[in-house]
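Data block below; observations after.
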Amino acid sequence: MQLYNTASRARQELVPVRPGKVYMYVCGVTVYDLCHIGHARSALVFDVLVRHLRRKGLDVTMVRNFTDVDDKIINRANSENRDWKEVAETYIRAFHEDMDALGVLRADVEPRATEHMQDIINMCEELIRQGKAYATPSGDVYFRVRSFAQYGKLSHRSLDDMLAGARVVPGEEKQDPMDFALWKAAKPGEPFWESPWGQGRPGWHIECSAMSRPWLPLDIHGGGMDLIFPHHENEIAQTEACCDCELAKLWMHNAFVQINSEKMSKSLGNFKTIRDILASWLPETLRYFLLSKQYRSPVDFTPEGMDDAERALIRVYECLEQTKAGLARAKWKKTALPEDITREWAALGRGFDEAMDDDLNTAMAMGHVFSMVRICNRVLEDKTLKAAEAARDLLTDFQKRMQVVCEELGLFGQEPAAFLAAMRDCRCARLAIDVARVEELLAARAEARAAKDFAASDALRDELKAMHVEVRDTPQGQTWDLLIAVAPGPQGPAPSPHEPS
RNA sequence: GGCGGAAUAGCCAAGUGGUAAGGCAGAGGUCUGCAAAACCUCUAUGCUCCAGUUCGAAUCUGGAUUCCGCCUCCA
C-alpha cells in the first residue's frame with residue numbers, strides 16, 4: 001500500500017523490513033488529563049491503519065507508549081495534593097476507557113517511561129561514551145545536536161535556520177543553544193531515579209528512543225503533526241546516533257482537529273474531551289465523523305458535522321436492517337437483476353480496498369460504502385427484484401463486504417436494530433424528547449387511523465412533528481424517529497441542542 | 001523571520017494531467033388516505049485570483065490573495 005512519508009514528503013510503497021511483519025510505534029499521550037478529540041483522531045487513524053494492514057495478512061505489532069512522568073503530571077499532582085503515580089494511573093485508565101468506547105483496538109505493547117528507566121539511562125550513557133551527549137555539573141545530560149550531521153532531516157530544517165529563530169534561549173549549561181535534555185536533575189520534591197549523574201528523571205524525547213529500540217528499524221513511526229519537531233526529530237538524532245540504525249522507514253503524521261479553523265488548545269478554551277462529546281453523541285458518530293476525512297487534512301469539529309455523521313450512519317444502518325429483513329425470505333425466484341445493477345455492483349469490486357491502500361483514503365472508501373447502500377436500497381425497494389435469487393446473492397455479498405468494512409473502519413458492525421434504537425435514544429436525550437408522551441400520541445394516532453379519522457391522525461402527527469418526531473407508516477404499523485435536524489429558519493439557526501461541556 | 005500545509009456547490013468532502021466520488025440540504029417524479037423513509041431524475045460549463053506549460057490542468061510551473069500549523073509543552 002502507498003503511504004505518505006513525512007520524511008520524503010512523498011507517497012511511498014510500504015515494504016516491511018521483515019517480510020510479512022510490520023512494526024509500528026505511535027506516540028501516545030502524556031497522562032495528566034482526559035483525552036480530547038484530537039487524541040481520538042490520532043488514535044483512530046493508526047487504529048484503522050493497523051486494522052487494514054492486518055486484513056492484508058500482515059502480522060502487525062503496534063506499540064503505543066504512555067509518558068507517565070513529566071512536569072505536567074507532577075504539577076497536576078501537586079495542585080491536587082495527590083501522588084503523581086496516582087495521577088498517571090488515573091489518566092491511563094481514562095485513556096483506555098475512552099479509546100475502548102471509540103472502538104480503538106488496544107496496542108500490542110504499551111510501554112511506560114517509568115518502566116524503562118534502566119533502558120533510558122543506558123542509552124544516555126552510550127551517547128555520552130560516544131561523545132554525542134554530555135553531563136553538566138548540576139546533573140543534567142544534554143544531546144550534542146552538532147554531533148548528528150543529519151539533524152533536521154525529518155522536519156527539513158537546518159540548524160542555522162533554527163538558530164535564526166528568536167525564541168531559542170541558551171540554557172546556562174548547554175554547550176549549544178540547540179542541544180536538548182536527555183536527563184534532568186531532580187528538583188526538590190520531584191520524583192527521581194538514581195543515575196550516574198545523580199538523582200533525576202528522563203527528558204521527554206529519550207523515552208521514545210529507549211522504548212522503540214527493541215524493534216529497530218521500525219516500519220512506521222507515527223503521531224500528530226506537532227510532534228514532527230522537535231520530538232520526532234530528536235528521537236531520530238538519539239536513536240540513530242546511538243544505535244547506528246535507522247529509526248523508522250516511514251513517518252506518518254495526522255493533521256489536527258480544529259474548532260473554528262483553529263487548533264484546539266486550553267489557552268483558547270476551545271477544548272473538547274472525548275467525554276464531552278460522548279455525553280451528546282454515540283461513540284460511533286464521533287468515529288464516523290473523524291474517519292470521514294482524509295487524515296492529513298485538518299478537520300473542523302462542529303455540532304452540525306456530527307449531525308451529518310449521524311444521518312450518514314442512520315442511512316447505512318437502515319439499509320443493513322432492510323437487508324437483513326429482505327434476506328429472511330424463504331422462497332426465491334429466478335428473476336434476473338437489471339444489467340446496470342449487476343454491472344455497477346461488479347464495478348464497485350475492490351474500490352474500498354484500493355481507497356484504503358491509497359494512503360488510507362477513508363473518505364473515498366466510505367464513498368464506496370454509500371454506493372453499495374444505494375444499489376441495495378434499489379433492489380430492496382422493488383418487490384419483484386427483492387425476491388430474486390440474484391438479489392439474495394447480492395445482498396449476501398453486501399453483508400459480507402460490510403463485514404470487511406467493519407473490520408477495517410470499526411464502523412457499521414453493530415446489530416442494526418439495536419444500533420438504530422440506541423441512536424434514537426441518544427438523540428431523544430439530546431433533544432430532551434419525552435418518549436412516554438410520544439408513545440401516548442402514537443397510540444392515539446394508531447386508533448384514529450384504524451377508524452380512518454385522518455383529520456385527527458394528521459393533527460396528532462403535526463403535534464409529534466412539533467416535538468421533532470417524525471412518524472412513518474409502514475405495512476407493519478407506525479414507526480417513528482426524530483427529525484434529523486431542525487432546519488435553520490430565516491431567523492437564524494435552530495437553537496443548538498448540543499451543549500457539551 | 002525560517003519551514004510547511006490548505007483554498008472544490010448552500011454545508012461537509014474525494015479527486016495528484018484525460019473532462020468534477022460520496023454524504024447532508026434543495027427541486028421534480030414514483031410510492032402513500034396525506035406524509036415520512038426508500039428509489040428515479042435534476043442541482044459546480046466549473047475547482048480563490050492572474051499568467052504560463054500541454055492536444056488536454058482542480059491537478060504541473062510562476063506570481064498574488066486569504067486562512068492555518070510548526071519553529072516553546074502539545075495528537
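Quick note on labels: first sequence line is chain A, next is B, and so on, each numbered from 1. Remember, it's a predicted structure, so these values are computed and weren't measured experimentally.
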* Structure fact -> 5' to 3', nucleotides 9-15 of chain B under a 4.0 Å protein heavy-atom cut-off (B base, S sugar-phosphate only, - none) gives ---SSSS
* How does protein reach along nucleotides 32-43 of chain B, written 5' to 3' as B (base within reach of a heavy atom under 4.0 Å), S (only sugar-phosphate), or - (no contact)? -> -BBBBSSSS---
* CA sep, side-chain torsions, deciding dist, call: Arg427(A), Glu470(A), salt bridge (Lys or Arg N to Asp or Glu O under 4.0 Å) -> CA-CA 13 Å; Arg427(A) 297 165 73 218; Glu470(A) 192 109 73; over 6 Å; no
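The partner of C49(B) is G63(B), judged by Watson-Crick or G-U wobble contacts that both fall below 3.5 Å. Searching all strands for a Watson-Crick or G-U wobble partner of C70(B) with both distances below 3.5 Å returns G2(B). As the counterpart of C39(B), G29(B) is assigned, both hydrogen-bonding distances of the Watson-Crick or G-U wobble pattern falling under 3.5 Å. Using the Watson-Crick or G-U wobble rule with both distances under 3.5 Å, C55(B) pairs with G18(B).
Counting only distance, with no hydrogens or angles, the side chain of Asp300(A) and the backbone of Ser261(A) share a donor-acceptor pair below 3.5 Å. A donor-acceptor pair under 3.5 Å is formed between the side chain of His156(A) and the backbone N or O of Leu154(A). Side chain of Arg41(A) to main chain of Ile37(A): no donor-acceptor pair is present (N/O by atom type, distance under 3.5 Å, no hydrogens or angles). Between the Thr335(A) side chain and the Ala388(A) main chain, no donor and acceptor come within less than 3.5 Å of each other. A donor-acceptor distance shorter than 3.5 angstrom exists from the side chain of Gln294(A) to the backbone of Asp359(A), with no hydrogens or angles considered.
With hydrogens and angles ignored, a donor-acceptor pair under 3.5 angstrom links the side chain of His36(A) to the base of A75(B).
The CG-C1' distance, from Leu313(A) to C24(B), rounds to 14 Å in whole Å. Remark: C1' of C3(B) and CD of Glu233(A) are 12 Å apart, rounded to the nearest angstrom. If you measure from atom CZ of Phe256(A) to atom C1' of G4(B), you get 12 Å, rounded to the nearest angstrom. Atom CG of Asn270(A) and atom C1' of C68(B) are 13 Å apart (whole Å). Atom pair Asp226(A):CG and G5(B):P shows a separation of 17 Å (rounding to whole Å applied). Here the C1' atom of nucleotide C31(B) and the NZ atom of Lys383(A) are 8 Å apart, to the nearest Å. Atom P of nucleotide A75(B) and atom CZ of Phe301(A) are separated by 19 Å, given to the nearest angstrom. Rounded to whole Å, the distance from CG on Asn254(A) to P on G5(B) is 17 Å.
Closest approach to the Phe229(A) side chain among G22(B), C70(B), A75(B) is made by C70(B) (side chain taken as heavy atoms from C-beta onward).
Comparing the C1' positions of A13(B) and A37(B) gives a spacing of 25 Å, expressed to the nearest Å. As rounded to the nearest Å, C12(B) and C3(B) have P atoms that lie 31 Å from one another. Rounded to whole Å, the C1' atom of C47(B) lies 16 Å from the corresponding atom of C60(B). Across A25(B) and G10(B), the matching C1' atoms stand 7 Å from one another, rounded to whole Å. U59(B) and A6(B) have their C1' atoms separated by 15 Å, given to the nearest Å. As rounded to the nearest Å, A36(B) and A27(B) have P atoms that lie 11 Å from one another. A distance of about 14 Å separates the C1' atoms of C70(B) and A75(B), rounded to the whole Å. Nucleotides C34(B) and U19(B) are separated by 44 Å at their P atoms, to the nearest Å.
If you check every strand for non-hydrogen atoms under 4.0 Å, Val45(A) touches nothing. Heavy atoms of Lys72(A) sit under 4.0 angstrom from at least one base atom. Residue contacts shown for Ile228(A) are absent, as no nucleic acid heavy atom lies under 4.0 Å away.
In this structure, the ring of Phe66(A) has its center no less than 6.0 angstrom from the ring center of Tyr91(A).
Both tests pass for Arg157(A) against the ring of Phe229(A): distance under 6.0 Å to the centre and angle within 45° of the axis. Because its NZ or CZ atom is both nearer than 6.0 Å to the ring centre of Tyr4(A) and within 45° of the ring axis, Arg296(A) counts as a cation-pi partner of that residue.
Each of Ile277(A), Leu278(A), Thr273(A) was checked for a side chain to side chain contact (heavy atoms under 4.5 Å, CB included) with Arg275(A), and the lone residue meeting it is Thr273(A).
OP1 and OP2 of A75(B) both lie 4.0 Å or more from every side-chain N or O belonging to Lys263(A).
Between Gly367(A) and Gly28(A), it is Gly367(A) whose nearest contact on RNA chain B lies nearer the 5' terminus.
Between Lys184(A) and Glu190(A) no salt bridge is recorded (no basic side-chain N to carboxylate O distance below 4.0 Å).
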